[in-house]
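For clarity, every value in this text was computed on a predicted model and none was experimentally measured. Residue numbers run from 1 in the order of the sequence given.
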Amino acid sequence: MTSTLKDMMAAANAVVERIDAERARALVAEQGALLLDVRDAPEIEKTGRAQGSHHIPRGMLEFRADPESPYHDAELRKDRPIVLHCASGGRAALAGKLLKDMGFSEVYNLGGLKDWIEGGGSVDGAIDPGM
């Protein structure tokens with residue numbers, strides 16, 4: 001059976017809770033959640049990123065999330081809530097489902113960087129384009 005983007009988005013949105021910036025900030029402040037930006041580096045170079053966020057491009061997420069991978073990122077822990085965002089929320093939803101499929105239980109979709117900003121979140125400057 002094949003899936004369309006529409007099917008994949010519906011499946012992701014069914015299992016990854018969408019939250020607003022206020023709840024995202026509370027999760028970060030009160031529970032130590034990881035605010036994770038899954039956009040590509042050129043996007044971040046142009047817009048900056050949510051203050052305090054961690055960056056892993058969606059295309060590298062499986063490699064960074066698996067503790068057995070030589071590319072594992074220690075910021076990704078199954079005992080830590082993860083709040084994802086991208087530019088509009090689509091990639092964050094898909095990334096969230098991926099993390100859920102890999103055993104991460106507390107995963108949320110903030111939506112896009114604009115949702116963070118419109119919700120009162122601060123933005124840091126651009127990252128090193130080598131990431």
H54 to D73 - nearest heavy-atom pair and separation:
NE2-OD2, 2.6 Å
Over all heavy atoms of both residues, which pair between H85 and A50 is shortest? Give the atoms and the distance, please.
NE2-CB, 4.0 Å
To the nearest 0.5 Å, atom CZ of R18 lies from atom CG of D115 at 5.5 Å
So, for A95 and V38, which heavy atoms are closest and what is the spacing to 0.1 Å?
CB-CG1, 4.2 Å
Can you find a pair of side-chain heavy atoms, one from R39 and one from L113, that are under 4.5 Å apart?
yes
Could you measure the distance from the CD atom of E62 to the CD1 atom of I56? Nearest 0.5 Å is fine.
11.0 Å
Test side-chain contact (heavy atoms from CB on, under 4.5 Å) on D66 and H72 and set out the steps.
CA-CA 6 Å; D66 188 340; H72 179 250; 5.6 Å; no
Which distance, rounded to the nearest 0.5 Å, do you find between the CD of E75 and the CZ of R80?
5.0 Å
Is there a path of hydrophobic side-chain contacts, each under 4.5 Å between heavy atoms of I, L, V, M, F, W or Y residues, that connects M102 with L94?
no
List the atom of A92, the atom of L84, and the distance in Å for their closest heavy-atom pair.
O-CD1, 3.6 Å
Answer yes or no: are there more than 12 heavy-atom neighbours, outside E22 itself, under 6.0 Å from its atom CD?
no
Starting from L98, can I reach F63 by hopping between I/L/V/M/F/W/Y residues whose side chains sit under 4.5 Å apart?
yes
Flag, side chain of N109 to backbone of N13, donor-acceptor distance under 3.5 Å
no
Shared hydrophobic cluster, F104 / V16 (ILVMFWY, side-chain heavy atoms < 4.5 Å)
yes
V107 and M8: same hydrophobic cluster, using ILVMFWY side-chain contacts below 4.5 Å?
no
Gap between atom NZ of K46 and atom CG of D40 - 0.5 Å precision:
11.0 Å
Within this structure, what is the OH-CZ distance for the pair Y71 and R64, rounded to the nearest 0.5 Å?
8.5 Å
On a heavy-atom basis, the closest approach of E106 and L27 is OE2-CD2, 4.2 Å
Which atoms form the tightest heavy-atom contact between H55 and D37, and what is the distance?
CD2-O, 3.4 Å
Are I19 and L35 joined in one hydrophobic group, where the rule is that I, L, V, M, F, W and Y side chains link up if heavy atoms are under 4.5 Å apart?
yes
I need the L99 CG to L76 CG distance, nearest 0.5 Å.
6.5 Å
